[in-house]
Amino acid sequence: MRVVEHLGLVTALTLSLGPATAGGQTSGPPAARATGPLADSLRAFGLKMAEMLRRLDAEGIIALYGDRPHFVHVDNGTVIPWSQLSAMMTSYFATARSNPVSVLGEPGVAILDRDNAVVYLVHRFEANEGRPAHDGVWTGVMHRFPDGWKIVHSHSSDRRTPP
């Protein structure tokens, strides 16, 4: 799949994942959720990714990404190509003393077909090394390669914490 197709999938899924609440934030996972072994493997992928982030496992995290020539991450509206994202991750993992990320609730999964899906996580970063605490949503477009599921496009957005 190419980046344009990934972005189209994300747009279509964003529109189908549930109604928005005041302030443009989603109300949470949709009522109808994917079930079964395929969905379970994708939820496990999301939880494994969060655990690897907490452990600062740079090599493990970078190995989760596929189709790197076409990969794009969108962070709060800023488009970041793979070359830039991988450099940012490498720098972060080389200097961070901890990564206090946690997944809130269960990862959501939308299955497109047997080899393509979307995983979304609501996460919390505790205050760390001069950065304030914040909540966010991460969405990954997943493709199953011969060696397993890989992230082929991702998006993250901070969510405002209510006062």
Side-chain angles (χ1 to χ4, degrees), residues 1-18 20 24-26 28-30 33-34 38-94 96 99-125 128 131 134-145 147-160:
M1 298 184 87
R2 301 191 68 87
V3 172
V4 172
E5 292 166 330
H6 295 165
L7 294 174
L9 291 173
V10 170
T11 300
L13 283 161
T14 299
L15 294 173
S16 68
L17 288 179
Q25 295 180 17
T26 59
R33 296 175 53 99
L38 190 59
D40 291 343
S41 74
L42 288 156
R43 273 189 271 285
F45 181 99
L47 294 172
K48 173 184 166 186
M49 181 180 69
E51 179 56 33
M52 293 167 91
L53 286 167
R54 277 192 297 280
R55 288 193 329 258
L56 297 173
D57 180 356
E59 186 177 313
I61 289 293
I62 289 173
L64 298 178
Y65 290 83
D67 194 18
R68 295 175 184 172
H70 300 110
F71 180 88
V72 173
H73 175 74
V74 179
D75 184 46
N76 288 313
T78 301
V79 176
I80 304 172
W82 174 253
S83 59
Q84 187 179 350
L85 181 66
S86 62
M88 290 166 56
M89 287 192 300
T90 301
S91 173
Y92 175 80
F93 287 122
N99 191 346
V101 64
S102 58
V103 173
L104 304 176
E106 185 176 276
V109 173
I111 297 174
L112 304 174
D113 61 35
R114 66 182 300 276
D115 292 323
N116 297 286
V118 173
V119 173
Y120 52 101
L121 309 167
V122 176
H123 57 76
R124 170 126 182 108
F125 280 94
N128 185 30
R131 289 191 65 191
H134 69 281
D135 293 337
V137 177
W138 178 89
T139 306
V141 177
M142 312 295 293
H143 179 75
R144 187 178 5 209
F145 290 88
D147 61 340
W149 290 105
K150 301 284 185 182
I151 306 161
V152 294
H153 172 76
S154 60
H155 172 269
S156 60
S157 296
D158 290 342
R159 290 174 29 165
R160 282 184 247 149

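- Not one N or O on the side chain of D158 forms a donor-acceptor pair closer than 3.5 Å with the backbone of N76.
- Between the T90 side chain and the S86 main chain, a donor and an acceptor come within less than 3.5 Å of each other.
- At least one side-chain heavy atom of I62 sits under 4.5 Å from a side-chain heavy atom of R68.
- No side-chain heavy atom of T78 sits less than 4.5 Å from a side-chain heavy atom of Q84.
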Open item on the list: side chain to side chain contact (heavy atoms under 4.5 Å, CB included), that's the test. Do M142 and I151 meet it? Break it down for me.
Closed with: CA-CA 5 Å; M142 312 295 293; I151 306 161; 3.8 Å; yes

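- Judged by distance alone, with hydrogens and angles left aside, the side-chain atoms of S91 form no donor-acceptor pair with the main-chain N or O of M88 at under 3.5 Å.
- Listed here is the closest heavy atom pair of A50 and V101: O-CG1, 3.9 Å.
- The two residues W149 and F45 come nearest to each other via the heavy atoms O-CE1, 3.4 Å.
- Between the side chain of R43 and the backbone N or O of E106 there is no donor-acceptor pair closer than 3.5 Å.
- Across all non-hydrogen atoms, the minimal contact from A117 to L42 is CB-CD1, 3.5 Å.
- With hydrogens and angles disregarded, no donor-acceptor distance shorter than 3.5 Å links the side chain of D135 to the backbone of R159.
- Inter-residue side-chain proximity for L56 and Y92 is flagged as met; some heavy-atom pair is nearer than 4.5 Å.
- For H73, the side-chain contact (heavy atoms from CB on, under 4.5 Å) partners are F71, D75, I80, L85, W138, S154, S156, not counting sequence neighbours.
- Summarising the geometry of V109 relative to Y120, their closest heavy-atom pair is N-CE2, 3.6 Å, with the distance given to 0.1 Å.
- Using a 4.5 Å heavy-atom cutoff, the side chains of D57 and E51 are not in contact.
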Open item on the list: side chain to side chain contact (heavy atoms under 4.5 Å, CB included) for L53 and I61? Distances and angles first, verdict last.
Closed with: CA-CA 7 Å; L53 286 167; I61 289 293; 3.8 Å; yes

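- Across all non-hydrogen atoms, the minimal contact from V74 to H153 is CG2-CE1, 4.1 Å.
- Contact record, P81 with V79: CD-O, 4.0 Å, taken as the closest heavy-atom pair.
- Taking the side chain as every heavy atom from C-beta outward, L64 and K150 never approach each other to under 4.5 Å.
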